[in-house]
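Position 1 is the first residue of the sequence; numbering continues from there.
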Amino acid sequence: MSETIFTKIVNKEIPAEILYEDDLALAFSDINPQAPIHFLVIPKKPIPTINDIELEDKSLVGHLYWVAALIAKQKGVAESGYRAVMNCNEQGGQTVYHIHLHVLAGKSLGWPPYQEKLKAE
Ligand code: AMP
């Protein structure tokens, strides 16, 4: 699979507003924020989709949530609340094929994301 824009951010080939970095993960502000606070947490390892997560990646994926919570605490939204969500493939809304947690906060977030009324059978 060809390199995505997120691997370029990991390699510092293109700029991003980096919020956190360690050996395993990187967090940076989303370029097109969908909430007052919107950042992404990615593994440095380029895993294309949730479907490609291997058993050996389980602690890595858990680490992404730990980073999300750390930044949420630093930004003062841990108690008020936030959403941490990962889209998968086309119908899930994924556009960049390098897994990433979206972390959205700073206002009450709508739910559910699927608004169309389900037809009665
Ligand atoms: P998704 O549609 O779930 O794959 O999310 C991809 C996200 O990456 C979108 O919210 C984009 O706004 C964001 N994005 C794309 N390019 C960049 C970039 N260069 N820097 C920061 N965020 C980006």
Side-chain angles (χ1 to χ4, degrees):
M1 179 155 294
S2 61
E3 194 175 85
T4 71
I5 196 158
F6 288 175
T7 293
K8 290 185 168 62
I9 291 174
V10 168
N11 293 334
K12 311 284 163 58
E13 291 163 11
I14 62 165
E17 188 181 275
I18 292 174
L19 304 173
Y20 176 89
E21 180 168 16
D22 63 23
D23 289 347
L24 298 174
L26 188 69
F28 51 91
S29 300
D30 196 292
I31 204 167
N32 183 22
Q34 301 300 312
I37 292 171
H38 184 181
F39 61 89
L40 305 174
V41 186
I42 72 169
K44 288 189 170 176
K45 178 180 176 182
I47 301 169
T49 78
I50 296 173
N51 297 331
D52 302 301
I53 296 170
E54 304 279 357
L55 202 54
E56 67 183 25
D57 300 318
K58 63 183 180 183
S59 63
L60 175 60
V61 175
H63 185 63
L64 302 182
Y65 282 91
W66 181 86
V67 173
L70 178 75
I71 299 170
K73 286 170 197 158
Q74 289 172 350
K75 289 187 173 287
V77 296
E79 296 307 318
S80 52
Y82 56 93
R83 182 165 300 154
V85 64
M86 197 178 280
N87 298 328
C88 182
N89 279 337
E90 190 180 347
Q91 289 196 354
Q94 185 174 10
T95 58
V96 179
Y97 284 79
H98 179 138
I99 61 166
H100 47 282
L101 263 186
H102 290 265
V103 184
L104 302 129
K107 66 176 182 181
S108 287
L109 302 164
W111 190 264
Y114 178 64
Q115 303 289 352
E116 194 177 312
K117 281 188 183 152
L118 294 171
K119 283 186 191 142
E121 294 285 322

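- To the nearest 0.5 Å, atom CD1 of residue Ile42 and atom CZ of residue Phe28 are 4.5 Å apart.
- In this structure, Glu54 does not pair ionically with Lys45, as no charged nitrogen and carboxylate oxygen lie closer than 4.0 Å.
- Contact detail for Gly106 and Pro36: the closest heavy-atom pair is O-CG, 3.6 Å.
- Side-chain atoms of His98 come within 3.5 Å of backbone atoms of Pro43 as a donor-acceptor pair (strictly under, hydrogens ignored).
- Scanning both residues, Ala84 and Leu101, for their nearest heavy atoms gives C-CD2, 4.0 Å.
- Under the 4.5 Å side-chain criterion, counting only non-hydrogen atoms from C-beta, Pro46 is not in contact with Thr4.
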Test side-chain contact (heavy atoms from CB on, under 4.5 Å) applied to Val103 and Ile71, step by step: CA-CA 9 Å; Val103 184; Ile71 299 170; over 6 Å; no

In residues 59-68, what donor-acceptor pairs under 3.5 Å come from side-chain atoms, sequence neighbours left out?
from: His63; atom 1: NE2; to: Asp22; atom 2: OD2; distance (Å): 2.7

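- For the pair Leu26/Ile18, a side-chain contact is recorded, criterion being any heavy-atom separation below 4.5 Å from C-beta on.
- Taking every heavy atom of both residues into account, Ala16 and Ile9 meet most closely at CB-CG2, 3.7 Å.
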Test side-chain contact (heavy atoms from CB on, under 4.5 Å) applied to Ile99 and Phe6, step by step: CA-CA 9 Å; Ile99 61 166; Phe6 288 175; over 6 Å; no

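- Contact detail for Lys73 and Ala78: the closest heavy-atom pair is CG-CB, 3.6 Å.
- Contact between Ala105 and Val77 at its shortest, heavy atoms only, is CB-CG2, 3.8 Å.
- Among pairs with a residue in residues 25-39, those fulfilling side chain to side chain donor-acceptor pair (under 3.5 Å) read Glu17-Ser29, Asp30-His38, His38-His102, at least two apart in sequence or across chains.
- Contact check for Phe39 versus Lys75: side-chain heavy atoms found under the 4.5 Å cut-off.
- The two residues Gln94 and Asn87 have their closest heavy-atom pair at OE1-O, 3.5 Å.
- The number of heavy-atom neighbours closer than 6.0 Å to CD of Glu79, taken from other residues, nucleotides and ligands shown, is 12 or below.
- Using a 4.5 Å cut-off on side-chain heavy atoms (C-beta onward), Tyr20 and Gln74 make no contact.
- To the nearest 0.5 Å, the span separating CD1 on Ile50 from CD1 on Ile53 amounts to 6.0 Å.
- Under the 4.5 Å side-chain criterion, counting only non-hydrogen atoms from C-beta, Glu21 is in contact with Lys44.
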side-chain contact (heavy atoms from CB on, under 4.5 Å) assessment of Leu104 paired with Val85: CA-CA 8 Å; Leu104 302 129; Val85 64; 4.3 Å; yes

